[in-house]
Amino acid sequence: MPELPEVETHVLELRPLLQNRTLEDVDVFWPKTVSAPGLNRFCALLMGQTFRRLARRAKYMLLHLDDSWCLVVHLRMTGTFRVVSQSAEPHPHVRVNMRLQGGEALHFLDQRKFGRMWLVQDPRPLLTGLGPEPLSRQFTGQYLQRRLRHRSVALKAALLDQKVAAGVGNIYADEALFHAGLHPQKPAHAATAQECRRLCRAVRKVLRTGIAHRGSFISSYRPPSGVPGRFQLEHQVFRRTGEPCLRCGVPIAKVIVAQRSTHFCPRCQADGN
């Protein structure tokens, strides 16, 4: 966490709050949050910058500023942003405080301290190697079959590979495999053309539904508005171990794939076990 829908929700919620807003000052309370450039240069360069455009690539937020500068943010496990009054009581998990013109501040909160920021003029080197966006035209059944045909790893592991499906993580991989009727341990190279088409459609479906529900409310994650997402109410298998499948009634099972807890229905996803 967060995955593509959660990061997209961040961008959608922050866009009207930040676009064309100018930064007055920056304080970094956890230096490791800043990966590049050096801390002093990071703060100096940000002061006076204006947010021009907010976008997303995979699980990265791209906050485009003046003079081709871009603040690239990876939320990792517990990172989140809040726009608050500058006079608001400081939250104990604020790692970066960016004061905005107009009396507000953009706070980056990160309980586990794994989130990272890069201030760069060209974000492309940071994004090298990422696969196509799963909601783009490039992400097709034919593309999936081409990428999977020589992979001996489990289908779930291949789907988690950011070079294959940029932005897909544990939640949405489990849900997509369920909707596609594919066992997570099926060898990736054994997926047929028809199965790859089904999986492509399923990935698109769960991601779009996840975005529509503003992501999943899991653990400590909150979107910028502070209002939890609701996609967890749509989960068919994720974290439903032992509960009856909503389609067939068989208890949901859990295995470990690629060192990640993986949830599936033994009957609806029997193929490839």
Which distance, rounded to the nearest 0.5 Å, do you find between the [atom1] of [X] and the [atom2] of [Y]?
{"X": "Cys70", "Y": "Leu126", "atom1": "SG", "atom2": "CG", "answer": "9.0 Å"}
{"X": "Thr262", "Y": "Leu177", "atom1": "OG1", "atom2": "CG", "answer": "8.5 Å"}
{"X": "Leu159", "Y": "Asn170", "atom1": "CG", "atom2": "CG", "answer": "10.5 Å"}
{"X": "His179", "Y": "Thr209", "atom1": "NE2", "atom2": "OG1", "answer": "7.0 Å"}

Mind jotting down which residue pairs meet the salt bridge (Lys or Arg N to Asp or Glu O under 4.0 Å) criterion with at least one end in residues 58-68? Sequence neighbours excluded, please.
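Checked against salt bridge (Lys or Arg N to Asp or Glu O under 4.0 Å) - neighbours excluded - the pairs reaching residues 58-68 are Arg52-Asp66.
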Looking only at non-hydrogen atoms, find the nearest pair between [X] and [Y] and report the distance.
{"X": "Glu243", "Y": "Arg239", "value": "OE2-O, 4.3 Å"}
{"X": "Asn97", "Y": "Ala105", "value": "OD1-CB, 3.4 Å"}
{"X": "Ile211", "Y": "Glu8", "value": "CD1-CG, 4.0 Å"}
{"X": "Leu144", "Y": "Cys200", "value": "CD1-N, 3.8 Å"}
{"X": "Gln86", "Y": "Leu100", "value": "NE2-O, 3.0 Å"}
{"X": "Gly215", "Y": "Pro5", "value": "CA-CB, 4.4 Å"}

Under 3.5 Å, is there a donor-acceptor pair between the side chain of [X] and the main chain of [Y]?
{"X": "Gln259", "Y": "Ile256", "value": "no"}
{"X": "Arg95", "Y": "Asp110", "value": "yes"}
{"X": "His183", "Y": "Gln185", "value": "yes"}
{"X": "Arg116", "Y": "Lys32", "value": "yes"}
{"X": "Arg76", "Y": "Phe114", "value": "yes"}
{"X": "Glu6", "Y": "Ser216", "value": "yes"}
{"X": "Gln19", "Y": "Phe51", "value": "no"}
{"X": "Gln162", "Y": "Val168", "value": "yes"}

Could you label the plane-to-plane angle of the Phe139 and Tyr143 rings as parallel, tilted or perpendicular, counting under 30° as parallel and over 60° as perpendicular?
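The rings of Phe139 and Tyr143 sit tilted, inter-plane angle from 30° to 60°.
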- [ ] Take the angle between the ring planes of His74 and Tyr60 and call it parallel below 30°, perpendicular above 60°, tilted in between.
- [x] perpendicular
Subject >> Centroid-centroid under 6.0 Å between His107 and Phe81 rings >> reply: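 No, the ring centres sit 6.0 Å or more apart.
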Next on the checklist: For Phe217 together with Phe231, are the ring centres under 6.0 Å from each other?
Outcome noted: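 Between Phe231 and Phe217, the centre distance exceeds or equals 6.0 Å.
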Problem set entry | Gln142 CD: over 12 foreign heavy atoms closer than 6.0 Å | no
Quick check: are there more than 12 heavy atoms from other residues, nucleotides or ligands sitting under 6.0 Å from CZ of Arg15? yes
Q. Hey, is Asp161 close enough to Arg147 for a salt bridge, meaning N to O under 4.0 Å?
A.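 The answer is no: the pair does not qualify as a salt bridge.
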Practice task
Answer yes or no: is there an ion pair linking Asp174 with Lys156, defined by an N-O contact shorter than 4.0 Å?
Solution key: yes
Note to self: Test of understanding: with salt bridge (Lys or Arg N to Asp or Glu O under 4.0 Å), list the residues that count as partners of Arg198, not counting sequence neighbours.
What the structure shows: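 In terms of salt bridge (Lys or Arg N to Asp or Glu O under 4.0 Å), with neighbours along the sequence ignored, Arg198 is linked to no residue.
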Only residue of Arg99, Arg21, Arg82 satisfying salt bridge (charged side-chain N to carboxylate O under 4.0 Å, His left out) with Glu104 is Arg21
* Given salt bridge (charged side-chain N to carboxylate O under 4.0 Å, His left out), test Lys205 with Glu175 step by step and report yes or no. => CA-CA 10 Å; Lys205 176 180 178 179; Glu175 293 297 306; over 6 Å; no
Have [X] and [Y] got a donor and an acceptor in their side chains that come within less than 3.5 Å?
{"X": "Thr80", "Y": "His10", "result": "yes"}
{"X": "Gln138", "Y": "Ser136", "result": "yes"}
{"X": "Arg230", "Y": "His213", "result": "no"}

How would you list, by chain and number, every residue that makes a side chain to side chain donor-acceptor pair (under 3.5 Å) with Glu13, sequence neighbours excluded?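 Glu13 satisfies side chain to side chain donor-acceptor pair (under 3.5 Å) with Arg214, Ser225 once adjacent residues are dropped.
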